[in-house]
Amino acid sequence: DNKKKLITFVTGGDPEEKTSEAILKSIIENGADLIEIGMPFSDPMADGPTIQLSSNRAIKNNTNLDVIFRICSNLRNNNKEIPIILMGYYNVILHYGLNNFTKKCSSIGIDGLIVVDLQPEEDLELYNLAKSYNIDLIRLITPTTTEKRLEIITSHATGFLYYVTVTGITGQKSADIKELEDSVKKIRKFSKLPIVAGFGINNKQDIKKICNYTDGVVVGSSIVKVIEKNINDRNKIIESVGNFVKDLKEGTNL
């Protein structure tokens, strides 16, 4: 519909299963267009301290893929429309078994996967399985991605393209708007897929600036910080995250 989209990220099972599910329901109710749910991992190399700590909290409270699937299943039963994307690292999926993982995603109604450390040269097995279940394997592009590599990445890309606005880990730096503009122009030469930007996006002012050039944004660390700040008050977490998402969504109204 050509409207700018807000994609939110939180780690599944943070701080524990029931609160995590309530947080995600609040996020949906307050205007997120797509939800990205992190699969906790002990060594999340692309993530900064905020998301690393959220993974640690979830793992400490016994969150594994079965818990993530249970949360997703309950969300899907509650809302048939909102796209649900699982984000994480290949180790978690490989350990669960590629066939078991993709079959389970399909049965629940997972729409897309982002696997941070799986390169296009190595992802054919997961790509083919995901494709057979009509699940998008969403590709990451960075400021250092060359045109030659862009061609490889976009040749099998589906769903949307995720442009990482900074070199480095999540939640540490703000996006360089000029670099973003130039990169998005370059990416559009290779693909007609929607482009969303993530990493270093903290508030609705950032969103407004970035949505001038992209089809949407991903906000993660800033939301997870709200959870961390109110960690001892479940109701405050749910209310504060909901209010923050509502405010972020206003940034997509250009």
Side-chain angles (χ1 to χ4, degrees), residues 1-12 24 27-28 31-39 46 65 68-69 72-73 75-76 79-90 92-93 98 101-142 145 149-165 170 180 183-199 201 207 210-211 213-220 249 252:
D1 58 11
N2 291 321
K3 291 181 180 175
K4 308 296 183 177
K5 303 302 179 192
L6 172 65
I7 304 173
T8 59
F9 169 90
V10 291
T11 301
L24 283 154
I27 284 171
I28 294 167
D33 297 293
L34 299 87
I35 54 171
E36 190 184 317
I37 299 171
M39 299 176 284
L65 264 184
I68 298 296
F69 284 137
C72 291
S73 182
L75 291 173
R76 180 53 78 217
N79 186 309
K80 304 293 184 193
E81 302 301 322
I82 193 157
I84 299 174
I85 300 158
L86 290 182
M87 176 270 184
Y89 296 82
Y90 197 44
V92 177
I93 298 169
L98 297 187
F101 178 80
T102 47
K103 190 175 180 181
K104 189 73 174 175
C105 285
S106 176
S107 70
I108 290 167
I110 303 298
D111 299 280
L113 304 171
I114 299 171
V115 187
V116 179
D117 56 346
L118 183 62
Q119 300 304 316
E121 294 85 354
E122 307 291 337
D123 71 3
L124 197 60
E125 192 177 0
L126 180 59
Y127 172 78
N128 286 334
L129 276 169
K131 190 178 179 184
S132 72
Y133 286 113
N134 201 29
I135 297 167
D136 289 316
L137 191 55
I138 294 151
R139 312 293 173 150
L140 298 170
I141 296 168
T142 73
T145 303
R149 190 146 181 80
L150 259 178
E151 202 168 352
I152 296 168
I153 292 169
T154 56
S155 63
H156 279 156
T158 59
F160 61 85
L161 296 167
Y162 187 140
Y163 177 71
V164 177
T165 63
T170 58
L180 171 80
S183 293
V184 168
K185 281 180 186 172
K186 185 169 75 173
I187 296 164
R188 292 207 193 277
K189 292 178 192 171
F190 291 87
S191 176
K192 291 183 166 37
L193 287 175
I195 300 167
V196 304
F199 286 48
I201 300 168
I207 292 172
I210 287 166
C211 280
Y213 307 103
T214 67
D215 300 294
V217 296
V218 183
V219 182
K249 180 59 188 167
T252 65

Are [X] and [Y] side-chain neighbours, meaning at least one heavy-atom pair lies under 4.5 Å?
{"X": "V218", "Y": "I201", "result": "no"}
{"X": "R76", "Y": "D111", "result": "yes"}
{"X": "T214", "Y": "V196", "result": "no"}

How long is the straight-line distance from [atom2] of [Y] back to [atom1] of [X], given to the nearest 0.5 Å?
{"X": "D33", "Y": "I82", "atom1": "CG", "atom2": "CD1", "result": "7.0 Å"}
{"X": "I28", "Y": "N79", "atom1": "CD1", "atom2": "CG", "result": "5.0 Å"}
{"X": "I7", "Y": "F160", "atom1": "CD1", "atom2": "CZ", "result": "4.0 Å"}
{"X": "F190", "Y": "I141", "atom1": "CZ", "atom2": "CD1", "result": "9.5 Å"}
{"X": "K103", "Y": "I108", "atom1": "NZ", "atom2": "CD1", "result": "13.0 Å"}
{"X": "K5", "Y": "L34", "atom1": "NZ", "atom2": "CG", "result": "8.0 Å"}

| task | Using the test side-chain contact (heavy atoms from CB on, under 4.5 Å), find all partners of L129 that sit at least two apart in sequence or belong to another chain. | result |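 Here the qualifying residues are L98, N99, T102.
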
| With sequence neighbours excluded, residues passing side-chain contact (heavy atoms from CB on, under 4.5 Å) with S106 |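 Result, side-chain contact (heavy atoms from CB on, under 4.5 Å) vs S106: Y133, I135.
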
For [X], enumerate each residue passing the side-chain hydrogen bond (donor to acceptor under 3.5 Å, both in side chains) test, keeping only those at least two apart in sequence or located in another chain.
{"X": "S183", "result": "Y163"}
{"X": "S107", "result": "none"}
{"X": "Y89", "result": "D47"}
{"X": "T145", "result": "T142"}

| Residue list, ring pair (Phe, Tyr, Trp, His ring centres under 6.0 Å) with F101, at least two apart or on another chain |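 Here the qualifying residues are F69.
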
| Looking at residues at least two apart in the chain, or sitting in another chain, which of them share a ring pair (Phe, Tyr, Trp, His ring centres under 6.0 Å) with Y127? |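 Here the qualifying residues are H156.
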
Specify the closest pair of heavy atoms between [X] and [Y], including all atoms of both residues, with the distance to one decimal.
{"X": "T165", "Y": "A197", "answer": "CG2-CB, 3.6 Å"}
{"X": "C211", "Y": "V217", "answer": "SG-CG1, 4.0 Å"}
{"X": "L65", "Y": "M39", "answer": "CD2-SD, 3.5 Å"}
{"X": "L86", "Y": "C72", "answer": "CD2-SG, 3.8 Å"}
{"X": "P194", "Y": "D215", "answer": "CA-OD2, 3.2 Å"}
{"X": "T154", "Y": "S191", "answer": "CG2-CB, 4.0 Å"}

| query | Quick check: are there more than 12 heavy atoms from other residues, nucleotides or ligands sitting under 6.0 Å from CG of N2? | reply |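 Not buried by this count: 12 neighbours or fewer within 6.0 Å.
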
| Got a sec: does the NZ of K186 have more than 12 other heavy atoms crowding it under 6.0 Å? |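 Enclosed.
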
For [X], give me all partners under salt bridge (Lys or Arg N to Asp or Glu O under 4.0 Å), at least two apart in sequence or on another chain.
{"X": "D136", "answer": "none"}
{"X": "K185", "answer": "E181"}
{"X": "K4", "answer": "none"}

Please table the atom pairs, donor to acceptor, closer than 3.5 Å between any side-chain atom in residues 119-126 and protein atoms at least two apart or in another chain.
unit_1: Q119; atom_1: OE1; unit_2: R149; atom_2: NH2; d: 3.0
unit_1: E121; atom_1: OE1; unit_2: R149; atom_2: NH2; d: 3.2
unit_1: E121; atom_1: OE2; unit_2: R149; atom_2: NH1; d: 2.6
unit_1: D123; atom_1: OD2; unit_2: R139; atom_2: NH1; d: 2.2
unit_1: D123; atom_1: OD2; unit_2: R139; atom_2: NH2; d: 3.4

| message | Please determine whether side-chain contact (heavy atoms from CB on, under 4.5 Å) holds for the pair Y162 and M87, giving the CA-CA distance in whole Å, both sets of side-chain angles, and the decisive distance to 0.1 Å. | response | CA-CA 12 Å; Y162 187 140; M87 176 270 184; over 6 Å; no

| message | Assess the residue pair I110 and I84 against the criterion (side-chain contact (heavy atoms from CB on, under 4.5 Å)); give the C-alpha distance rounded to whole Å, side-chain angles, the decisive distance to 0.1 Å, and a yes or no. | response | CA-CA 5 Å; I110 303 298; I84 299 174; 3.8 Å; yes

| field | Short side-chain to backbone donor-acceptor contact, T11 and G38, under 3.5 Å | value |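 No; judged by distance alone, with no hydrogens or angles, the pair does not exist.
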
